[in-house]
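Computation of the quantities below employed the complete heavy-atom set of this structure, encompassing side-chain atoms and omitting hydrogens, waters and symmetry-equivalent molecules. All values derive from a computational prediction rather than experimental measurement. FYI, the numbering just counts along the sequence from 1.
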Amino acid sequence: QVQLVESGGGLVQAGGSLRLSCADSGRTLSRYGMGWFRQAPGKEREFVAAINRSGGSTVYADSVKGRFTISRDNAKIAVYLQMNSLKPEDTAVYYCAAQIGVGLTTRGNNYDYWGQGTQVTVSS
């Protein structure tokens, strides 16, 4: 059973940084490709970043490229999203997700497990 739990969200001023973490209570994260998604009020969920099982390949949404970094520590069974140079438009609930497939995917429908989300609010 995969149970994803996000942490690290909060309130930050524009230009600031936050680091989100995603852990699995069942300690099985190393088996899955992982992704981060976000959903702002009144908007559809959107892809943010993804990393494959080994951590050797990543992909980012254009809106966060150069500012956000996804990484994973398979020994600690965790996935991270380092967010720098935050903007008010980054305000959203951020979700981590796990997918069984071997490749990278930006499509939410390809992910099999989801966390409950963590709120990120960026003030101007």
Side-chain angles (χ1 to χ4, degrees):
Q1 183 80 17
V2 178
Q3 294 183 323
L4 304 176
V5 179
E6 303 94 337
S7 61
L11 173 64
V12 64
Q13 289 187 331
S17 298
L18 283 174
R19 188 195 196 203
L20 305 184
S21 298
C22 175
D24 167 31
S25 60
R27 301 182 62 80
T28 61
L29 272 187
S30 60
R31 305 176 188 176
Y32 302 97
M34 299 297 297
W36 286 96
F37 292 76
R38 67 186 182 187
Q39 187 167 20
K43 295 187 177 182
E44 293 187 353
R45 183 183 63 195
E46 64 174 353
F47 168 77
V48 176
I51 189 167
N52 68 347
R53 285 188 292 187
S54 69
S57 295
T58 58
V59 61
Y60 297 91
D62 288 343
S63 59
V64 306
K65 202 171 294 183
R67 300 188 298 123
F68 290 11
T69 302
I70 188 171
S71 61
R72 67 189 303 157
D73 185 335
N74 285 340
K76 294 183 179 179
I77 320 297
V79 176
Y80 308 101
L81 185 68
Q82 178 67 44
M83 306 186 295
N84 298 329
S85 302
L86 282 161
K87 305 175 181 180
E89 51 263 44
D90 294 319
T91 295
V93 177
Y94 283 71
Y95 300 89
C96 73
Q99 61 107 3
I100 298 173
V102 298
L104 288 172
T105 179
T106 65
R107 294 170 57 90
N109 289 343
N110 289 343
Y111 285 81
D112 303 284
Y113 305 100
W114 293 82
Q116 293 299 308
T118 185
Q119 176 70 47
V120 171
T121 303
V122 184
S123 63
S124 57

Note, R38 side chain near T91 side chain (heavy atom, < 4.5 Å): no
Co-membership, hydrophobic cluster, residues L4 and F37, 4.5 Å side-chain: no
ILVMFWY cluster, I100 and V79 together (side-chain gap under 4.5 Å): yes
S17 to S85 - nearest heavy-atom pair and separation: OG-N, 4.3 Å
Closest approach of R72 to S30 (non-hydrogen atoms, all atoms of both residues): NH2-CA, 3.7 Å
V2 and W114, any side-chain heavy atoms less than 4.5 Å apart: no
Results of side chain to side chain donor-acceptor pair (under 3.5 Å) for E89 - residues two or more places apart only: none
NZ/NE/NH1/NH2 to OD/OE distance under 4.0 Å, K65 and D62: yes
Minimum heavy-atom distance T105-A50, with the two atoms named: O-CB, 3.8 Å
Partners meeting side chain to side chain contact (heavy atoms under 4.5 Å, CB included) with V120 (sequence neighbours left out): L18, L20, M83, Y94, V122
Over all atoms of both residues, closest heavy-atom pair of R53 and G33: CG-N, 3.4 Å
Same apolar cluster (I L V M F W Y, side chains within < 4.5 Å links), F47/Y95: yes
Sub-4.5 Å side-chain heavy-atom contact between I70 and V59: no
Sub-4.5 Å side-chain heavy-atom contact between Y32 and D112: no
Student check: side-chain heavy atoms of R67 and Y60 closer than 4.5 Å: no
